[in-house]
> 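Before we start, here is the structure in question, set down as structure tokens.
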Amino acid sequence: MEVRLHNTLGREIQVFNPINKSEVGLYCCGPTVYNYAHIGNLRTYVFEDLLRRSLEYAGYSVNHVMNVTDVGHLTGDEDDGEDKMEKSARETGKTPEEVAAFYTEAFFTDIDRLNIVRPKTACVATKHIGEMIALIKKLEERGFTYTSGGNVYFDASKFERYGEMALLDRQKLRNGARIEIDTNKKNPRDFVLWFTKSKFENHIMQWDSPWGKGYPGWHIECSAMSIKYLGDQFDIHCGGIDHIPVHHTNEIAQSEAASGKKWVNYWVHGEFLLMDKQKMAKSAGNFLTLQTLIDKGYEALDYRFFCLGGHYRSQLVFNFDSLDAARNARLSLNQRVSELKSEAEPVAAGNLTGRALEIMDKFSKDILNDLNAPKALASMWALLKDQDIAASEKLGAVLEMDRVLGLQLDKVESDSPELTKEEMALINQREAARASKDWAKADEARDKLLSMGIIVKDTANGSQWKKRL
RNA sequence: GGCGCCGUACCCAAGUGGUAAGGGAGAGGUCUGCAAAACCUCGAUGCAGCGGUUCGAAUCCGCUCGGCGCCUCCA
């Protein structure tokens, strides 16, 4: 099946053609583990998971690599010049290593709860300092660097296509609009590859290098690690839209300057989650974590479902009314799947026929056309609500869809639970009360069953029951 | 100041030239002892506003209004 993706290089939807027909190289920018991920960050990982699952759905094997940044970089707008990792460490009384370990674990807990498939390789920055130094040396040998004020800089003027993806040439950049200008730079677009002159005192995390003891610049780790695990040319690199102008621009410059080749063929970027019409950001203090949602009684998958309701390239407005809508919709979805499971065995995806096959094909076409999850979900509802499709076909199709959607429909229990003796006794008591028209007693039994998680419904064929999902 | 983008029903949200997907909430109905669930029906003659192009525009162009992001912390 053909996959189409919006490529930031060229700003258009393109047919995806991998370098290697069987395996796709996919690099996703990962977390900086100095704090919890917020749900805006997690939206991007849900999008990347949708991308990975879609590629696998289309028949590709995906070599998925993600970095874990445990080297701190500069803090926020009210920058006091401190390293994020070390700031967090100081505030919590831990070492940077302990901080990294704690938030790395928290991050993977979150993505597991969201049913995001873990990357095949999660590479840690501090374990790849050697590769970073080697890459900087290569850039130095090829004449793309200079040293100033003790730091090694990338000379952007030496790389002709600098800023091409971000369309920087069309912009009249306002230098230092938001940050302090580094007077060591020859050109505002230059960036640090290796620091030896720390702006901050007593920097804990430092390594020996040919340029002196110090630590790497922000961008070099992604280039060094992606090249190590995926080669100096690979298929897809993704991340948040905010990375286009700086981080990814600089990554492209240093990677292509080092190899002399085009580095990445497709750049795919996810849009922001908005909170009260503003971007959700740690620095703005308006962020929510997944755990906060769970503490409020939502499930992680409710948030995943919410994310799938919007297209990854559109800003998505978060509020609790919308999250409630997602939760209710998912509850209804699970109920339907549960009922289908009690009625029939799923038809294998390859054996779908008729209307179910038609809907399945539309679903595939939409999801593989730049990951249009909202359209795909509409197909899913069309399938489930169709009166003429057999339960076995519906179940087979919806489970196939869930390979991409990742809503754990395979784990939904069949809607014919075994009851305990006590529960069964209550059912029988209620039936007896109903037979003698003792409605108060019957309702009491129903309420008690409900409190035990059993929903009773009366049909023409007698009472039926199901577990509350 | 420059650049990128958005404005679709009560809410969220698809739709980039052919006559408005889907979800949630809501209303009415069937069924029921009552519920619940399920199912049926209803819901924008309209896509921020005003012009223009076109046989035809939410979709293209212009202007106006409103909003978001970026311009080296950022998903």
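Here is the naming used below: chain letters follow the sequence lines, and residue numbers restart at 1 for every chain.
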> The test is side chain to side chain contact (heavy atoms under 4.5 Å, CB included); show your working for Ile294(A) and Gln291(A) and say whether it passes.
CA-CA 5 Å; Ile294(A) 290 168; Gln291(A) 186 60 49; 4.0 Å; yes
> Taking the same atom, C1', in rC11(B) and in rG26(B), what whole-Å distance lies between them?
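It comes out at 11 Å once rounded to the nearest Å.
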> Select one nucleotide: of rA14(B), rA75(B), rA13(B), the one nearest the side-chain heavy atoms of His311(A).
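It is rA14(B).
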> Specify the separation, in whole Å, of atom CZ of Phe306(A) and atom P of rC11(B).
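To the nearest whole Å, that distance equals 15 Å.
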> Rounded off to whole Å, could you give me the CE-to-C1' distance for the Met165(A) and rC71(B) pair?
15 Å
> Rounded to whole angstroms, how far apart are CZ on Arg430(A) and P on rA36(B)?
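Checked: the CZ to P distance equals 13 Å.
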> What integer number of Å spans the C1' atoms of rU64(B) and rC55(B)?
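Their C1' atoms lie roughly 29 Å apart.
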> Tell me, with the steps shown, if Thr109(A) and Asp112(A) meet side chain to side chain donor-acceptor pair (under 3.5 Å).
CA-CA 5 Å; Thr109(A) 299; Asp112(A) 287 348; 5.8 Å; no
> Between Asp321(A) and Lys385(A), just flag the one whose closest nucleotide in RNA chain B comes earlier from the 5' side.
Asp321(A)
> Using the P atoms only, state how far rA48(B) lies from rA20(B), rounded to an integer number of Å.
16 Å
> Could you please name the option among rA14(B), rG33(B), rA75(B) that lies closest to any side-chain atom of Asn372(A)?
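Looking only at heavy atoms from C-beta outward on Asn372(A), the closest nucleotide is rA14(B).
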> What does rC70(B) pair with, Watson-Crick or G-U, if both distances are under 3.5 Å?
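Its partner is rG2(B).
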> Of the nucleotides rG24(B), rC40(B), rA14(B), which has the atom closest to the Gln387(A) side chain?
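Comparing rG24(B), rC40(B), rA14(B) against the side chain of Gln387(A), the answer is rC40(B).
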> Please tell me which of the listed nucleotides, rG22(B), rG33(B), rA14(B), lies nearest to the side chain of Ala378(A)?
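That would be rG22(B).
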> For rG18(B) and rU54(B), measure between their C1' atoms and round to the nearest Å.
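Roughly 12 Å separates the two C1' atoms.
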> What nucleic acid atoms does Phe191(A) come within less than 4.0 Å of, heavy atoms only: base, sugar-phosphate, or nothing?
nothing
> What's the gap between rG15(B) and rG52(B) when it is taken at their P atoms, as a whole Å value?
29 Å
> What nucleotide, of rA75(B), rG22(B), rC70(B), holds the atom closest to the side chain of Trp381(A)?
rG22(B)
> May I have the distance from Ile241(A) (atom CD1) to rC6(B) (atom P), rounded to whole angstrom?
10 Å
> If we call it a pair only when both distances are under 3.5 Å in a Watson-Crick or G-U wobble match, what pairs with rC34(B)?
none
> Could you tell me how far apart Leu383(A) (CG) and rA21(B) (P) are, to the nearest whole angstrom?
19 Å
> What is the distance, to the nearest angstrom, from the CG atom on Asp386(A) to the P atom on rG22(B)?
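The distance from CG of Asp386(A) to P of rG22(B) comes to 13 Å, rounded to the nearest Å.
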> With distance as the sole test, does Asn369(A) use its side chain to make a donor-acceptor pair with the main-chain N or O of Arg4(A) at under 3.5 Å?
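Checked: no pair found.
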> Does rU45(B) have a Watson-Crick or wobble partner in any strand here, with both distances under 3.5 angstrom, and which is it?
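Paired with rU45(B), as far as the under-3.5 Å criterion goes, is no nucleotide at all.
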> Tell me whether the rings of Trp267(A) and His248(A) are parallel (<30°), tilted (30 to 60°) or perpendicular (>60°).
tilted
> What is the pairing partner of rG22(B), taking Watson-Crick or G-U wobble pairs with both distances under 3.5 Å in any strand?
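Its partner is rC12(B).
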> Can a side chain N or O of Arg313(A) be found less than 4.0 Å away from OP1 or OP2 on rG69(B)?
no
> Report which part of the nucleic acid His247(A) touches: base, sugar-phosphate, or nothing (heavy-atom distance under 4.0 Å, all strands).
nothing
> Picking from rA75(B), rC34(B), rA21(B), which would you name as closest to the side chain of Pro374(A)?
rA21(B)
> Side chain of Leu167(A) only, please: which of rG4(B), rA36(B), rC12(B) is the nearest?
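The answer is rG4(B).
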> Hey, what's the ring geometry for Phe154(A) with Phe144(A), parallel, tilted or perpendicular (30° and 60° as the breaks)?
parallel
> Verify the ring-centre separation between Tyr36(A) and Tyr103(A): is it less than 6.0 angstrom?
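So the answer is yes for these two rings.
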> If you measure from the P atom in rC61(B) to the same atom in rG17(B), how many Å do you get, rounded?
12 Å
> At less than 4.0 Å, is any side-chain N or O atom of Asn328(A) found next to OP1 or OP2 of rG23(B)? Yes or no.
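Answer is no, no contact under 4.0 Å.
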> May I have the distance from Tyr27(A) (atom OH) to rA75(B) (atom P), rounded to whole angstrom?
13 Å
> Determine the interatomic distance between C1' on rU45(B) and the same-named atom on rU53(B); round to the nearest Å.
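Per the computed distance, 23 Å lies between those C1' atoms.
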> Please name the nucleotide paired to rC60(B) by Watson-Crick or G-U wobble geometry with both distances under 3.5 Å, or report none.
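Base partner found: rG52(B).
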> For Ile244(A) and rC71(B), what is the distance between atoms CD1 and P respectively, to the nearest whole Å?
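Atom-to-atom, Ile244(A) to rC71(B), this comes out as 12 Å.
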> Would you confirm whether the ring centroid of Phe318(A) sits within less than 6.0 angstrom of the ring centroid of Phe306(A)?
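Centroid distance Phe306(A)-Phe318(A): below 6.0 Å, so yes.
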> Tell me which nucleotide among rC12(B), rG33(B), rG4(B) gets nearest to the side chain of Ala442(A).
rG33(B)
> Check this one for me: any side-chain N or O of Asn319(A) less than 4.0 Å away from OP1 or OP2 of rC11(B)?
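Answer is no, no contact under 4.0 Å.
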> Which value, in whole Å, describes the distance between the P atoms of nucleotides rG29(B) and rG23(B)?
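Here rG29(B) and rG23(B) have their P atoms 22 Å from each other.
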> Describe, in one word, how the ring planes of Phe234(A) and Trp263(A) are oriented to each other, choosing from parallel (under 30°), tilted (30 to 60°) and perpendicular (over 60°).
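Answer is perpendicular, since the angle exceeds 60°.
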> Answer with base, sugar-phosphate or nothing: what part of the nucleic acid does Gly309(A) contact at a heavy-atom distance below 4.0 Å?
sugar-phosphate
> Of all the choices, rG33(B), rA25(B), rA75(B), which nucleotide is nearest to the side chain of Arg446(A) once you look at every atom?
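Given the options rG33(B), rA25(B), rA75(B), the side chain of Arg446(A) is closest to rG33(B).
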> Nearest to the side chain of Ala329(A) - rC34(B), rA75(B), rG24(B)?
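For the Ala329(A) side chain, the nearest candidate turns out to be rG24(B).
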> Need one value for Leu316(A): base, sugar-phosphate or nothing, where a base atom within 4.0 Å counts as base even if backbone is also close, heavy atoms only.
sugar-phosphate
> If you compare every side-chain N and O of Lys362(A) against the phosphate oxygens of rA21(B) (OP1, OP2), does one of them come in below 4.0 Å?
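So the side-chain polar atoms of Lys362(A) never come under 4.0 Å of the phosphate oxygens OP1 or OP2 of rA21(B).
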> By nearest heavy atom, map Arg43(A) and Val246(A) onto RNA chain B; which one lands nearer the 5' end?
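With Arg43(A) and Val246(A) compared, the 5'-side residue is Val246(A).
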> Could you check whether Asp190(A) gets within reach of a base, just the sugar-phosphate, or nothing at all, counting any heavy atom under 4.0 Å?
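Counting heavy atoms under 4.0 Å across all strands, the contact made by Asp190(A) includes a base.
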> Tell me whether the OP1 or OP2 atom of rA21(B) has a side-chain N or O from Ser379(A) closer than 4.0 Å.
no
> So, for Ala433(A) and Ala442(A), which heavy atoms are closest and what is the spacing to 0.1 Å?
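Heavy-atom minimum between the residues: CB-N, 3.8 Å.
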> Indicate, with a heavy-atom threshold strictly under 4.0 Å, whether Thr44(A) touches base, sugar-phosphate, or nothing.
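Here Thr44(A) touches the bases of the nucleic acid.
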